[in-house]
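What follows is one structure encoded as structure tokens, with my remarks underneath.
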Amino acid sequence: MLLPKRVKYRKVQRGRRKGLATRSTSVNFGQYGLKTLECGYLKNTQIEAIRIILARRLRRGGKLWIRVFPDRPITKKPAESRQGKGKGEVEGWVAVLRRGMILFELDGIPESYARESFKLAAYKLSCKTRFVTRAK
């Protein structure tokens with residue numbers, strides 16, 4: 001699973017998820033990309049599931065780039081606990097998604113195969129996505 005080696009603070013506040021992405025908005029490494037159309041969170045388990053799907057589809061034929069990293073801790077209080085007593089323990093790690101971010105990139109495969117692969121990967125996501133190609 002993906003998670004940071006060290007963090008400055010163990011628990012962080014939620015912050016805002018809305019707005020447009022300012023970074024990683026264009027396909028830079030590969031030929032094809034998967035772009036978000038909504039804001040939200042992407043768990044480390046979801047990233048791993050998509051990585052497995054795309055790696056199996058490539059079969060050592062193409063190259064995959066993962067453009068997101070889960071660096072934000074998500075906390076949760078235990079079930080049936082009373083209010084108060086501080087913030088809950090870290091449950092998992094998420095990457096914050098903004099509208100327009102490129103999540104994954106592929107290269108070295110035909111466009112129809114990449115489109116089909118990203119369609120399978122999009123089923124694992126919690127937000128709407130779009131298939132994009134590199135601007136020429």
Side-chain angles (χ1 to χ4, degrees):
M1 293 293 162
L2 291 171
L3 59 120
K5 289 185 181 127
R6 291 178 62 238
V7 288
K8 191 166 184 179
Y9 299 106
R10 220 164 37 99
K11 301 171 185 175
V12 297
Q13 293 181 343
R14 281 178 198 266
R16 288 181 185 260
R17 286 189 283 182
K18 64 182 184 180
L20 294 172
T22 55
R23 286 178 235 172
S24 67
T25 56
S26 60
V27 180
N28 293 331
F29 302 104
Q31 195 65 32
Y32 314 107
L34 191 65
K35 187 176 203 169
T36 61
L37 300 177
E38 296 176 340
C39 297
Y41 287 142
L42 184 60
K43 293 181 183 178
N44 58 351
T45 54
Q46 290 173 314
I47 295 172
E48 182 65 16
I50 293 170
R51 186 195 66 78
I52 290 169
I53 287 171
L54 294 176
R56 283 183 183 158
R57 298 274 302 171
L58 290 176
R59 295 181 195 267
R60 301 181 189 89
K63 183 144 174 55
L64 167 68
W65 287 271
I66 301 172
R67 299 280 306 269
V68 290
F69 185 79
D71 57 353
R72 176 177 281 273
I74 292 295
T75 60
K76 189 171 184 183
K77 296 193 76 152
E80 300 180 10
S81 62
R82 292 194 171 195
Q83 292 290 316
K85 307 278 191 293
K87 199 167 169 74
E89 289 304 310
V90 174
E91 183 194 43
W93 296 86
V94 296
V96 178
L97 302 183
R98 297 259 159 70
R99 222 171 57 215
M101 278 180 73
I102 302 291
L103 303 178
F104 300 93
E105 292 186 23
L106 289 175
D107 198 8
I109 56 174
E111 182 177 342
S112 59
Y113 195 70
R115 195 177 288 273
E116 193 179 321
S117 300
F118 278 143
K119 186 178 178 184
L120 291 173
Y123 288 130
K124 299 287 182 184
L125 290 170
S126 57
C127 63
K128 293 179 185 173
T129 57
R130 177 176 288 155
F131 177 83
V132 291
T133 57
R134 185 190 280 254
K136 294 182 181 179

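Fair warning: this is a prediction, and the values are worked out from it, not measured in the lab.
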Please list all pairs passing the side chain to side chain donor-acceptor pair (under 3.5 Å) test where one or both residues lie in residues 118-129, with sequence neighbours left out.
->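 As it turns out, there is no side chain to side chain donor-acceptor pair (under 3.5 Å) pair with a partner in residues 118-129 once direct neighbours are skipped.
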For residues 63-82, which residue pairs qualify under side chain to side chain donor-acceptor pair (under 3.5 Å), counting only residues two or more places apart or in two chains?
->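 Matches after skipping sequence neighbours: Arg67-Glu105.
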Looking only at heavy atoms, what is the nearest atom pair of [X] and [Y], with distance?
| X | Y | result |
| --- | --- | --- |
| Gly100 | Ala21 | C-CB, 4.2 Å |
| Thr25 | Thr22 | CG2-C, 4.2 Å |
| Leu20 | Arg98 | C-CB, 4.1 Å |

Nearest 0.5 Å, what's the [atom1]-[atom2] distance between [X] and [Y]?
| X | Y | atom1 | atom2 | value |
| --- | --- | --- | --- | --- |
| Leu64 | Arg57 | CG | CZ | 13.0 Å |
| Phe29 | Ile66 | CZ | CD1 | 12.5 Å |
| Phe104 | Leu54 | CZ | CG | 6.5 Å |
| Phe118 | Leu34 | CZ | CG | 5.5 Å |
| Thr45 | Ile50 | OG1 | CD1 | 9.5 Å |

For [X], side chain to side chain contact (heavy atoms under 4.5 Å, CB included) partners two or more places apart:
| X | answer |
| --- | --- |
| Ile74 | Tyr41, Glu91, Val94 |
| Leu97 | Thr36, Leu42, Val68, Leu103, Cys127 |
| Ser26 | Asn28 |

What about Leu3 and Val90, same hydrophobic cluster or not, with Ile/Leu/Val/Met/Phe/Trp/Tyr joined at side-chain heavy-atom distances under 4.5 Å?
->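 In one cluster with Leu3: Val90, yes.
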Side-chain heavy atoms under 4.5 angstrom apart, residues restricted to Ile, Leu, Val, Met, Phe, Trp, Tyr: same cluster for Met101 and Leu2?
->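 Yes; tracing contacts between hydrophobic side chains, which count when under 4.5 Å, links both residues.
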So, using salt bridge (charged side-chain N to carboxylate O under 4.0 Å, His left out) as the criterion, who are the partners of [X] when residues are at least two apart?
| X | answer |
| --- | --- |
| Glu89 | Arg10, Lys11 |
| Arg99 | none |
| Arg14 | none |

Return the set of residues passing side chain to side chain donor-acceptor pair (under 3.5 Å) with Arg51 (not counting sequence neighbours), or none when no residue passes.
->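 Glu48.
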Under a 4.5 Å cut-off applied to non-hydrogen side-chain atoms, are Pro70 and Ile47 in contact?
->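 Counting from C-beta outward, Pro70 and Ile47 do come under 4.5 Å.
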Please go through Val132's hydrophobic cluster and name the other residues, only I, L, V, M, F, W, Y counting, with side-chain heavy atoms under 4.5 Å joining them.
->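 Members besides Val132, by chain and number: Val27, Ile102.
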How does the hydrophobic cluster around Ile52 look, that is, which other residues are in it when side-chain heavy atoms under 4.5 Å mark a link?
->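 Hydrophobic cluster check, Ile52: no partners found.
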Could you list the residues that satisfy ring-ring contact (aromatic ring centres under 6.0 Å, His included) with Tyr32, not counting sequence neighbours?
->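 Phe131.
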